[in-house]
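Here is the structure we will look at.
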Protein chains: 2
Amino acid sequence: MREYYSITELTREFDISTRTLRFYEDEGLVQPVRRGRTRLFRPSDRHLIRQILRGKRIGFSINEIREIIQMYREPPGEVGQLKLMIKRIEEKRENLRQKRRDLEETLAELDQAEESCVERLAELGVNT
Amino acid sequence: MREYYSITELTREFDISTRTLRFYEDEGLVQPVRRGRTRLFRPSDRHLIRQILRGKRIGFSINEIREIIQMYREPPGEVGQLKLMIKRIEEKRENLRQKRRDLEETLAELDQAEESCVERLAELGVNT
DNA sequence: CACGGCATTTACGTAAAAGTCAATTCGGTC
DNA sequence: GACCGAATTGACTTTTACGTAAATGCCGTG
């Protein structure tokens, strides 16, 4: 496991811009350490970036991603906070399950659409 | 099956604004018929709205949703078009499968996060 | 030490997807 | 025919998630 990654290394690995990474830092999603003014990203930052991009692909906003990231962190020490956190996690999971249903339905309709196309091709005497 | 729905009926049903529906019309996603200046939405429009909102929840942009909607339509009559359409559908499906993987991973991590919280609660002697 | 190349900061720009507001205009009804 | 509430239109505003440009810093190499 590498100790540090430079900003450009990560931009290449994840195919994002330096602007994007600095933006994520401004938003408090990652906190790379500094050597002088230069950002040094640790493996944990790298993992966070992976999670952020995953969240984006599913259609979460930066704020929602921030919330989710909080949930991955060490659980709080206080009972009330813990219970609140569990509630939040449950909500987020319900949200994800809804997305999954939406996704399955869309996939199903696309399956149907493709089938229609294939049938239509067959009617036209094209061998698929 | 009702013949027509008014704009406000639909805004209530789907919890969106009239502005949103008009925006979707401007974008060519729905084409309600008119009686004078009043929009009359048919069941097919209603179904489209359902699909649009589903697309939004999964994180598709209006343009992507427009593409998907095209795919639900009658398959084209020309062979080249048909083959292109099938290719597009396949791409979109791959895209959705990626989203599904992302989703499952996120769900798994949230499961873990919740478990950590529950354990922590147990340590603190709280009966869940 | 000059240079190329990556980094940084600051500031402004922008596209998407609506929200908001003001000014009409319809359709029904009293 | 006056009136009211719902609907429409157009213009302007807002938020999100960065892009882009300008000016400058830092550093290893030849």
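Within every chain, numbering begins at 1; the chains are lettered A, B, ... in the order of the sequence lines, protein sequences first and strands thereafter.
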d(CZ, A/Arg37; C1', C/dC6) in whole Å:
12 Å
Rounded distance in Å - CG (B/Asp26) to P (C/dG19):
14 Å
Less than 3.5 Å apart, any donor N or O on the side chain of A/Arg120 or A/Ser116 sitting next to an acceptor on the other?
no
Per the side chain to side chain contact (heavy atoms under 4.5 Å, CB included) rule, which among A/Asp45, A/Ile69, A/Leu10 passes with A/Val30?
A/Asp45
In this structure, how many angstroms lie between the C1' atom of D/dC27 and the CZ atom of A/Arg35, rounded?
11 Å
Rounded off to whole Å, could you give me the CG-to-P distance for the A/Leu40 and C/dC6 pair?
17 Å
Can you find a side-chain donor-acceptor pair between A/Asn95 and A/Glu91 that sits under 3.5 Å?
no
Take atom CD1 of A/Ile16 and atom C1' of D/dC18, then tell me their distance rounded to the nearest Å.
11 Å
I want to check one thing: is the phosphate of C/dT8, taken as OP1 and OP2, less than 4.0 Å away from some side-chain N or O of A/Arg22?
yes
Side chain of B/Thr8 - closest among D/dA6, D/dG25, D/dT9
D/dA6
Ignoring backbone atoms, establish whether A/Arg34 has a side-chain N or O less than 4.0 Å from OP1 or OP2 of D/dC26.
no
Whole-Å distance, A/Ile7 CD1 to C/dT8 C1', equals 9 Å
Under 4.0 Å between a side-chain N or O of B/Thr20 and OP1 or OP2 of C/dG19?
yes
Is the phosphate of D/dG19, meaning OP1 or OP2, less than 4.0 Å from a side-chain N or O of A/Ser17?
yes
Rounded to whole angstroms, how far apart are CD on B/Glu9 and C1' on D/dA7?
14 Å
May I ask you to evaluate whether A/Tyr24 reaches the phosphate of D/dC18, defined as a side-chain N or O under 4.0 Å from OP1 or OP2?
yes
OG1-CG distance between A/Thr8 and A/Leu21, expressed to the nearest 0.5 angstrom
10.0 Å
In B/S/- notation (B base, S sugar-phosphate only, - none; protein heavy atoms under 4.0 Å), nucleotides 11-16 of chain D written 5' to 3' is B----S
Would you indicate whether the side-chain heavy atoms of B/Glu25 and B/Gln31 approach each other to under 4.5 Å?
no
Taking the nucleotide of DNA chain C with the nearest heavy atom to each, does B/Gly36 or B/Lys56 sit closer to the 5' end?
B/Lys56
At less than 4.0 Å, is any side-chain N or O atom of B/Arg39 found next to OP1 or OP2 of C/dC26? Yes or no.
no
May I ask you to check if B/Arg22 and B/Tyr24 form a cation-pi contact, with NZ or CZ under 6.0 angstrom from the six-membered ring centre and within 45° of the axis?
no
Testing A/Arg101, A/Lys99, A/Arg100 one by one against A/Glu94 for a salt bridge (charged side-chain N to carboxylate O under 4.0 Å, His left out), which residue passes?
A/Arg101
How many whole angstroms separate atom OH of A/Tyr4 from atom P of C/dA7?
17 Å
